[in-house]
2 protein chains.
Amino acid sequence: MSDKRVTVIDIAKAAGVSKSTVSLVLQGSPLVNESTRTKVSAVMRDLGYVYNRGAANLRQTGSKTRIIGVVVNDLTNSFFAELAVGVDMVVQSAGFVQFLSNTSESIDRQREVIASMREHGISGLIVSPARGTAAADFKPLVAAGIPVVAVVRGLPGARISSVLSANMEGAIEAVRHLATLGHKRIAFMGGFANTEVFRERLAGYRQAMEDLGLGFSEDLVIASAPSRAGGVDAVGRAMAMPDRPTAALCFNDAVAFGACDGLRARRLEPGEDFAVIGFDDVIEAGTAVPALTTVAVDPQGMGRRAAQLLLKQINAGKPEPETIVTAVRLVVRESCGAHRGPVDVEQMRKKA
Amino acid sequence: MSDKRVTVIDIAKAAGVSKSTVSLVLQGSPLVNESTRTKVSAVMRDLGYVYNRGAANLRQTGSKTRIIGVVVNDLTNSFFAELAVGVDMVVQSAGFVQFLSNTSESIDRQREVIASMREHGISGLIVSPARGTAAADFKPLVAAGIPVVAVVRGLPGARISSVLSANMEGAIEAVRHLATLGHKRIAFMGGFANTEVFRERLAGYRQAMEDLGLGFSEDLVIASAPSRAGGVDAVGRAMAMPDRPTAALCFNDAVAFGACDGLRARRLEPGEDFAVIGFDDVIEAGTAVPALTTVAVDPQGMGRRAAQLLLKQINAGKPEPETIVTAVRLVVRESCGAHRGPVDVEQMRKKA
DNA sequence: CTGTTAGCGCCTTCAG
DNA sequence: CTGAAGGCGCTAACAG
């Protein structure tokens, strides 16, 4: 039952070579004879040798553990699960492994898991900071030369790259789209005003409304829970207004679907008398739903993007310029009624 | 910019002690004087020392890396995301860290990530095996004395512990519950017959129906996509039957919610003329939905359970008896109509 | 209670 | 192309 691990020295002995030779084989060095290489490999297989990265890192200069730390604030939210999947994809195919931890929005836990990850010698870190995280918390990491990239939530002040969603730009795009369809009274539905994301999306809505000369009015901002039920509620209040809106930008997909539910109950096909666009936070992923135009913030894509950015920094040695990448996309999942249109705008922005 | 890492020897020098003393402090040994301990700790903080677990594991006997590998077949599915959260909870509070990888049902990827995890010296592995995984694939792991526990899908033949959901027992429980409410014609709705899970749940349904003397008929098994849309469809077909059923056990929560949607569209309050119970696979987690009785397979709970099992094995040295834990729970999220009832049955089973 | 001496498993010169 | 040393950062025995 091999309570004793087999080491390079064991396989060297068994293959009748020196341990250096074995080491060279391990690293695929071209300095080793083909016949000896195959022989050594065979012995490794036979003895069930497993490479010990811990030992390797110890010797190696720079401690390249090929471990990527991923810290998210709420893995229960499928947005972050998708994000982790995206990260995992590129991380795996680059031959790295992923440490994943969930902070549940606890800043203490965040500190703990990051400390733990450091002790394990992570090569880089991708983090969606818990609420209230200070930029200074990442000072030691970057000082130690460990690349860090922030996702979803930025860390203003910390000199690190981030991948954020362009909430404001997305909202503008969405409102413009509704305007080109002829809508004038466009509401903003769902969400609570105490989050950064809400403010950004609302700001985009407001700016677009003003730029288009449609004007901004508090009356058209209909707050509600950012859930399906909230959407039903919000659309109900919208329809009850004296001068009722004909379209709405919804805070997220749950609200949008709720709005559609509400419209359907009123025997209005979605998009017929009332057009709905929602930010797609993939809260309702996988649900079979009716046609809906969405502003997609692709979490998996964000994860991939973040991982790519991180790997680039890891490979490039240390000093990489701070980069901010943002992305949104206006998509029609299925066209229907007034939603039919030439929409599939992709927008990517980079700032140095 | 500390391009040079600080080591025990540095802090020993700075604190005027030997490195062993520092090591003892690190391990919280009681053999060290309180005054020196505080002094050493202070120096560690000042110099920004970070513990190097890699080096420690190398020296330590038994290679206790305190890394737990977690491999799931589909992290995109929120069931598994929840599972990972559950694992992470107990893993974190036990001072371990979690390697998480997604196989996307690819058996090759699974092999790769597990190999990679072994090289990193994981202390244990929790795996939801990709479809087609052979029990033999885990032979080397267990031979090396690394505890493995399977979740969600078992690995018959491999001598490892598992945490599975009691699909059959849950179905029986659910049908019994409907029967106590007076229902006689109870349908089984949703899902496709080609999965193990479907077979288990259907088997439970069948057995309960027969045991209760209600009889089993293929007519009452209404297959459909395991989605919300599938539920709408299925309930439609059920209502169109000549001798229509008055209740249904649904394959999962999505189907159940779809069924409720369908009933609502027909102006039937759920539970009024037609009672619905669904297996809760948390596909529709977070959605605000109407009252529904569900058979809950709590993924987070399964994760926690699996992690506990694993940690027990890790702490207990090696030879732990193979354990199979299964759990389901019948719950009412919110009572409504005919669903009102004394239901909150928990059922746990262990087999040695 | 503290210091000294050996390595853990691997990778890197540096000579053969 | 291969072998012989040395050391990465830490801990395990022992001595003091």
Side-chain angles (χ1 to χ4, degrees), chain A residues 2-41 43-44 47-67 118-123 144, chain B residues 2-41 43-44 47-66 118-123 144-145:
Chain A
S2 63
D3 209 25
K4 182 103 200 75
R5 291 200 300 286
V6 311
T7 77
V8 277
I9 205 165
D10 294 322
I11 86 109
K13 214 163 288 178
V17 296
S18 85
K19 39 179 177 172
S20 333
T21 309
V22 177
S23 180
L24 291 179
V25 171
L26 248 23
Q27 302 170 92
S29 164
L31 301 176
V32 61
N33 194 338
E34 192 52 44
S35 62
T36 49
R37 146 170 289 122
T38 52
K39 177 173 189 180
V40 168
S41 312
V43 175
M44 294 200 306
L47 299 193
Y49 171 74
V50 312
Y51 186 74
N52 183 335
R53 273 177 201 280
N57 304 331
L58 191 54
R59 186 68 187 81
Q60 235 152 195
T61 54
S63 172
K64 316 194 121 339
T65 54
R66 308 196 74 104
I67 299 177
R118 271 200 81 183
E119 293 184 353
H120 282 284
I122 51 170
S123 308
Chain B
S2 62
D3 210 23
K4 182 104 199 72
R5 290 199 300 286
V6 311
T7 76
V8 277
I9 204 164
D10 293 322
I11 85 109
K13 215 163 287 178
V17 296
S18 86
K19 37 178 180 171
S20 330
T21 309
V22 177
S23 181
L24 291 179
V25 172
L26 249 22
Q27 302 171 86
S29 164
L31 300 176
V32 60
N33 194 337
E34 192 52 45
S35 63
T36 48
R37 145 170 291 124
T38 53
K39 178 174 189 180
V40 168
S41 312
V43 175
M44 295 200 305
L47 299 193
Y49 170 75
V50 312
Y51 185 71
N52 184 333
R53 273 177 202 280
N57 303 331
L58 190 54
R59 189 64 187 82
Q60 231 151 200
T61 54
S63 171
K64 316 194 117 348
T65 54
R66 309 196 72 104
R118 272 202 80 183
E119 293 186 352
H120 281 284
I122 51 171
S123 309

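Proteins come first, then strands; the chains are lettered A, B, ... in the order of their sequence lines, and each starts at number 1.
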Report yes if at least one side-chain N or O of [X] is closer than 4.0 Å to OP1 or OP2 of [N]; otherwise report no.
X       : N      : answer
B/Thr21 : C/dG3  : yes
A/Ser23 : C/dC11 : yes
B/Gln27 : D/dC10 : no

Of the nucleotides [options], which has the atom closest to the [X] side chain?
X       : options              : value
B/Thr7  : D/dG9, C/dG3, D/dT2  : D/dG9
B/Thr36 : C/dC11, C/dT2, D/dG9 : C/dT2
B/Leu24 : D/dT2, C/dC10, C/dT2 : C/dT2
B/Asn52 : D/dT2, D/dC10, D/dG6 : D/dC10
B/Lys19 : C/dT5, C/dC10, C/dT2 : C/dT5
A/Val8  : C/dC10, C/dT2, C/dG3 : C/dC10
A/Asn33 : D/dG9, C/dC11, D/dC1 : D/dC1

Is [Y] close to [X] at the side-chain level, that is, under 4.5 Å between some pair of heavy atoms?
X       : Y       : value
B/Tyr49 : B/Val40 : no
A/Arg66 : A/Asn57 : no
A/Ser23 : A/Gln27 : yes
B/Thr36 : B/Val25 : no

Less than 3.5 Å between a donor and an acceptor, one on the side chain of A/Arg59 and one on the base of C/dC11, is that the case here?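 Yes.
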For a quick check of understanding: with a heavy-atom distance under 4.0 Å over all strands, which category does B/Val22 fall into, base, sugar-phosphate or nothing?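 No contact.
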Which is true for A/Ser20 with a 4.0 Å heavy-atom rule: it touches a base, it touches only sugar-phosphate, or it touches nothing?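 Counting heavy atoms under 4.0 Å across all strands, the contact made by A/Ser20 includes a base.
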